[in-house]
Visitor: 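Before we start, here is the structure in question, set down as structure tokens.
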Amino acid sequence: MTSVNQSASTATSQDLSQVRFPEGFVWGTATASYQVEGAVHEDGRGPSIWDTFAHTPGRILGGDTGDIADDHYHRYPEDISLMADLGITHYRFSLAWPRIQPEGRGQLNAAGVDFYSRLVDGLLERGIQPWVTLYHWDLPQPLEDAGGWPARDTAERFAEYAAAIHDRLGDRVPDWTTLNEPWCSAFLGYASGVHAPGRTEGPAALRAAHHLLLGHGLAVRALREQGARDVGITVNLYPVDPVTDSPADRDAARRIDGLMNRVFLEPLLRGSYPDDLLADLAPVVDFDHVRDGDLATINAPLDFLGVNYYTRHVVRAGTRPAEPRPTNWVGSEDVEFVRRGIPQTAMGWEIDPDGLYETLTRVWREYGPLPLYVTENGAAFDDRLDADGRVRDEDRRSYLERHFAAAQRALAEGVDLRGYFVWSLLDNFEWAFGYSRRFGLVHVDYETQARTLKDSGRWFAEITRANGL
Ligand code: IFM
């Protein structure tokens, strides 16, 4: 943990033209089911918490929903061709649990399974490896009605679903990620409520976090029993720096790092919750939902850890009483988040490639050795489709270039980084921001569903082919 006043950019002297990646490095793009598929009422798909949430007035900017999204459910062959144009070796996508088990339990919906089977076959025909995420936030609504992730049973249901779908796709899909960003599912979903299911119950968020982790551990066990080859999880990690070196600011950074990063990293990779986190949370949450044996289950060996990286948090100790409103920072609501005034993306996230380097090297140093993948990194900008049919997104190209270079610096220092997935293949439904934020390498016209490769996409195709900048 370095105070921001001390942090120097080590990237500035790097000669980008010299940046090369190891032979066999995985280059991919990523999407998620609810963000791209659409077809929410087709072929027996059941409702998810995101259908309910998006259709609740006031939850999503502009009243957008994922009902149609990118219509990837029907247009996936065209999207696979775009991936082939990009020269990617892997496509990371998620399965919609309610398409496979509309009730969140029991019999599989054959039409839903068929869709993913066709998608997998289509990818393999073009030489692109499917990389499956089992859960990217679209919990079947009946499971939320039964208590959602704060209820232990949801973890058991998740492991059953994992085993059942692996049984159908495991012959063709080598890489299985259990969860995407459990921090978002737990804290955005159950603490601040800005994501589905929109509950604002701080203690429930900690129970949700635990049951997500338990679901992961049970799913790893179930997948291994079926002979799954590569099993891992994706977490979103942010360096958390104190704005000054004062003991109070450093303590604020420690608390937020606990709630953001270590709450997942330590159970997964060390088999325990951090003592300081338990102490911080003692006034608000008892951990009596943690049963004997849970942490051993969660601590199951992994074949890889996926890291999603977007920005850094800079914090200071609270200087005024916490506002009485729900936040993500259960028990640390008083901590203030500081803007540094550096360039930011359309999400308002400060652009900080060094943070990626620091995140990868930290995980490697403190929790490794373990193969790592950047399973998401990318940026939303206010793209414009010009009259000549081009999207001149130089800002995205530059963003990616600097982050690729940061990843390469981590590699050069010995981090076992195996691949990099850009978020996202397509502009898509950006959750509470609806369609107002565009992350794609491919522009989507939501009226016509026309796809246009952005300039950043053309540039990325050169990177994947050259395996370097
Ligand atoms: O769009 C999301 C994605 O679903 C999860 N990771 C962050 C992305 C950008 O917000």
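FYI, the numbering just counts along the sequence from 1. Read the numbers this way: they start at 1 and go in the same order the structure lists the ligands and their atoms.
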Visitor: Please work out, at 4.0 Å between heavy atoms, whether the side chain, the backbone, both, or neither of Trp349 comes within that distance of ligand 1.
Guide: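 For Trp349, only side-chain atoms sit under 4.0 Å from ligand 1.
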Visitor: Testing Arg451, Arg437, Lys454 one by one against Asp427 for a salt bridge (charged side-chain N to carboxylate O under 4.0 Å, His left out), which residue passes?
Guide: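 That would be Lys454.
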Visitor: Testing Arg390, Arg397, Arg396 one by one against Asp393 for a salt bridge (charged side-chain N to carboxylate O under 4.0 Å, His left out), which residue passes?
Guide: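 The residue from Arg390, Arg397, Arg396 that satisfies salt bridge (charged side-chain N to carboxylate O under 4.0 Å, His left out) with Asp393 turns out to be Arg396.
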Visitor: Would you call His136 a ligand 1 contact, heavy-atom distance under 4.0 Å?
Guide: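 Flag set, His136 near ligand 1.
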Visitor: On a heavy-atom basis, which atom in Gly148 and which in Tyr190 lie closest, and how many Å separate them?
Guide: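 Looking at all heavy atoms of both residues, the shortest contact is CA-OH, 3.7 Å.
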Visitor: Could you tell me whether Trp423 and ligand 1 have an N or O pair separated by under 3.5 Å?
Guide: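 Yes, at least one N or O pair falls under 3.5 Å.
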Visitor: Between the candidates Met347, Gln35, Glu430, which shows the shortest non-hydrogen contact distance to atom 4 (O) of ligand 1?
Guide: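 Heavy atom nearest to atom 4 (O) of ligand 1 belongs to Gln35.
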Visitor: Please report which non-hydrogen protein atom sits nearest to atom 6 (N) of ligand 1, along with the residue it belongs to and the distance in Å to one decimal place.
Guide: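 Checked against all protein heavy atoms, atom 6 (N) of ligand 1 sits closest to Glu376 OE1, 2.5 Å.
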Visitor: Is the Lys NZ or Arg CZ of Arg409 less than 6.0 Å from the centre of Tyr357's six-membered ring, within 45° of the axis?
Guide: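 Yes, Arg409 sits over the ring of Tyr357.
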Visitor: Can you list the atoms of ligand 1 that are under 4.0 Å from a heavy atom of Phe439?
Guide: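 Near Phe439, meaning under 4.0 Å from one of its heavy atoms, ligand 1 has 9 (C), 10 (O).
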Visitor: Any donor-acceptor pair under 3.5 Å linking the side-chain atoms of Glu350 with those of Thr311?
Guide: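 There is no such pair (donor and acceptor under 3.5 Å, judged by atom type) between the side chains of Thr311 and Glu350.
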Visitor: What are the two closest heavy atoms between Phe93 and Val120, and how far apart are they?
Guide: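 Phe93 and Val120 have their closest heavy atoms at CZ-CG2, 4.1 Å.
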Visitor: What do you reckon, does Trp431 have a nitrogen or oxygen under 3.5 Å from a nitrogen or oxygen of ligand 1?
Guide: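 It does: an N or O of Trp431 is found under 3.5 Å from an N or O of ligand 1.
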Visitor: Just which atoms of ligand 1 are under 4.0 Å from any heavy atom in Glu181?
Guide: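 So the atoms of ligand 1 that pass are 5 (C), 6 (N), 7 (C).
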